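Following: one structure in structure tokens, then a few remarks.
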Amino acid sequence: MVGLSGGVDSAVAAYLLKQAGHEVIAAYMRNWDSLANNDFLGNPYQGPLCPQEADYEDAKKVAEKLGIPLFRVDFIEEYWNDVFLYFIKEYQSGRTPNPDVFCNKYIKFDAFWKFALTHQVDYMATGHYARYENGELRKARDLTKDQSYFLSLLTHEQLSRTLFPLGNLLKKEVRQIASSIGLNVANKKDSTGICFIGERHFRQFLQNYIPAQPGEIIDIERHEVVGQHYGVMYYTLGQRKGLGIGGIKNHQKGSWFVVGKNIEKQELYVVQGDESEWLYHECATITSFQWLGNFKLEVGQTYGVKFRYRQPDIPIKVIEVLSNSIVVESFYPVRAITPGQIAVLYQDEVCVGAGIIDSVAKKG
RNA sequence: UGGGGUAUAGCCAAGCGGUAAGGCACUAGACUUUGACUCUAGCAUCUCCCUGGUUCGAAUCCAGGUACCCCAG
């Protein structure tokens with residue numbers, strides 16, 4: 001069973017599986033209901049035109065074109081309970097979660113799989129750009145579209161029952177295939193924003209679930225108030241936009257960036273200029289760490305790590321291994337390593353482990 | 001109510017007679033299956049606190065007014 005989103009990637013994935021001789025069925029998932037979920041503020045799609053229904057129509061056309069049956073399934077409650085509540089809780093505690101990683105873990109590769117099982121399938125498949133070969137999760141051939149980052153918290157069991165038909169293709173090739181077989185979505189723009197929710201004005205979106213709590217923005221170097229914020233939970237480390245801090249007398253030119261926050265005091269800490277020491281760290285404690293490698297994880301080993309999606313691999317050394325967490329140290333300062341985000345360890349192309357960034361520190 | 005200083009876009013700020021730099025913020029777009037970062041573009045055209053005056057021409061000079069700041073009382 002293939003998860004058809006209405007986009008070009010999953011459509012081509014389904015096509016390729018069918019071409020390969022698999023018996024393919026598909027399902028369109030809908031996991032977010034703006035009305036039921038009070039998704040009002042910051043939602044650009046007010047009114048009757050619902051992008052999800054447009055996507056469903058696209059998926060139907062794709063299924064029809066490919067001659068495969070298309071089911072429709074909702075995991076709105078599961079998404080809310082397993083992904084969104086966690087998402088909100090993290091923001092409330094001042095962290096910056098990555099909901100899509102958990103959406104994969106609990107919805108796409110769990111709830112969806114259970115649904116697929118009711119149709120007696122052997123495998124599920126998605127349009128992710130990633131590879132799972134010989135028990136190893138690997139980056140996609142198209143490194144610019146590689147999505148192994150988002151799959152890094154899956155288990156071997158989840159990965160081994162999944163096919164990734166796009167793992168060895170370039171995005172460009174996927175679009176060419178879609179075009180060559182006349183798929184309606186061949187030139188459809190890639191979707192962005194939180195999976196199943198979509199593009200939102202983020203601060204306003206959060207305000208639907210976390211009430212505003214305005215407070216002071218403080219220059220952490222001079223201990224001066226330089227502005228007012230809407231609520232510390234709406235900002236993330238390294239953030240520039242949305243601070244609204246203009247020119248200030250006797251200050252140099254330059255933008256301001258978030259470097260910290262105090263939930264209790266509702267204070268947001270910032271620095272001017274993107275070269276401030278406050279923005280950079282080398283050490284990170286990674287909790288809920290899951291090891292995917294087929295050898296032993298030990299102190300002293302070096303890997304490449306992504307502290308956020310699409311970040312080039314950063315060389316790090318493992319300096320501590322605990323039962324459920326590890327501590328790593330990069331060989332050079334890294335900007336805005338952010339608690340709540342997922343840190344993924346790679347050994348070249350192989351994803352060997354991942355966990356949640358819990359805290360960061362300067363070297364030494 | 002003596003003296004001095006400043007008044008330029010939301011903020012900081014160039015310009016000192018020749019027809020409004022720059023930065024920040026903001027907005028839009030690009031990038032992006034999280035949030036960010038980044039990049040590109042836009043952003044004072046009866047306008048430079050107000051009113052007169054000098055001049056071919058003023059934000060720039062002069063006079064008066066208004067507001068705020070500082071030092072003295």
Side-chain angles (χ1 to χ4, degrees), chain A residues 3 5-10 29 31-32 42 44 51 55 79 83-84 86-88 90-91 94-105 107-108 126-130 140 142 144-153 166 171 188-206 210 217 219 226-229 232-259 261 270-276 279-280 306-312 334-344 354 356-357:
Chain A
S5 67
V8 63
D9 292 332
S10 57
M29 263 180 280
N31 301 327
W32 184 255
D55 285 339
Y79 185 87
V83 179
F84 205 69
Y86 154 80
F87 171 80
I88 294 302
E90 283 286 275
Y91 267 108
R95 295 159 47 117
T96 307
N98 185 325
D100 289 356
V101 170
F102 291 89
C103 174
N104 285 331
K105 186 174 182 63
I107 306 298
K108 287 181 187 169
T126 70
H128 283 99
Y129 287 83
D142 189 339
T144 67
K145 297 299 293 184
D146 170 51
Q147 292 170 318
S148 60
Y149 178 91
F150 289 103
L151 306 174
S152 59
L153 252 42
L166 307 188
K171 179 82 186 195
K188 188 172 174 180
K189 191 181 187 305
D190 290 359
S191 65
T192 57
I194 298 174
C195 218
F196 297 114
I197 298 179
E199 294 280 10
R200 291 291 184 276
H201 182 292
F202 208 74
R203 192 188 70 233
Q204 293 176 2
F205 173 68
L206 287 178
I210 304 173
I217 301 177
D219 177 349
V226 292
Q228 302 290 315
H229 67 254
V232 294
M233 63 291 288
Y234 302 140
Y235 302 84
T236 189
L237 300 188
Q239 182 168 342
R240 167 181 175 174
K241 292 288 179 183
L243 294 173
I245 305 172
I248 301 176
K249 225 175 186 49
N250 300 321
H251 275 75
Q252 298 184 333
K253 297 178 176 179
S255 301
W256 296 80
F257 297 89
V258 176
V259 296
K261 49 175 86 172
V270 298
V271 295
Q272 188 170 28
D274 63 354
E275 293 181 354
S276 167
L279 262 179
Y280 296 84
K306 289 186 196 301
F307 289 115
R308 56 168 56 75
Y309 179 52
R310 283 172 60 79
Q311 180 176 53
V334 181
R335 176 187 166 124
I337 302 172
T338 307
Q341 290 285 291
I342 309 301
V344 181
I356 303 170
I357 301 167

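Each chain gets a letter, A, B and so on, in the order the sequences are listed, and its residues count up from 1. Keep in mind it's a predicted model, so treat the numbers as computed, not measured.
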What's the closest nucleotide to the side chain of [X] if the choices are [options]?
X        : options                : value
A:Lys241 : B:rC26, B:rU34, B:rU38 : B:rC26
A:Lys108 : B:rU33, B:rC37, B:rU34 : B:rU33
A:Lys253 : B:rU38, B:rG22, B:rG35 : B:rG22
A:Lys249 : B:rA13, B:rC37, B:rU34 : B:rA13

If I pick the [atom1] atom on [M] and the same atom on [N], what distance separates them, to the nearest angstrom?
N      : M      : atom1 : value
B:rG23 : B:rG42 : P     : 12 Å
B:rA13 : B:rU32 : C1'   : 36 Å
B:rU40 : B:rU34 : P     : 22 Å
B:rC70 : B:rG29 : C1'   : 47 Å

Under 4.0 Å between any heavy atoms, over every strand shown, what does A:Gly254 touch: base, sugar-phosphate, or nothing? Just pick one.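 Sugar-phosphate, backbone atoms only, no base.
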Base, sugar-phosphate, or nothing: which does A:Gln341 touch, judged by heavy atoms less than 4.0 Å apart?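 Since a base atom lies under 4.0 Å of A:Gln341, the category is base.
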Quick one: classify the glycosidic conformation of B:rC37 as syn or anti, with syn meaning within 90° of 0.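 Because its glycosidic torsion lies within 90° of 0, B:rC37 adopts the syn conformation.
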side-chain N/O [X] vs [N] OP1/OP2, d < 4.0 Å:
X        : N      : result
A:Ser255 : B:rG23 : no
A:Arg240 : B:rA25 : yes
A:Tyr309 : B:rU33 : yes
A:Lys189 : B:rU32 : no

Between A:Asp190 and A:Lys145, is there a salt bridge with N-O shorter than 4.0 Å?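 Salt bridge present between A:Lys145 and A:Asp190.
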Rounded to the nearest Å, what distance is computed from the CZ atom of residue A:Arg310 to the P atom of nucleotide B:rC39?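 Rounded to whole Å, this separation is 15 Å.
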Give a yes or no on whether the backbone of A:Tyr129 and the side-chain of A:Gln147 come within a donor-acceptor separation of less than 3.5 Å.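 Checked: pair present.
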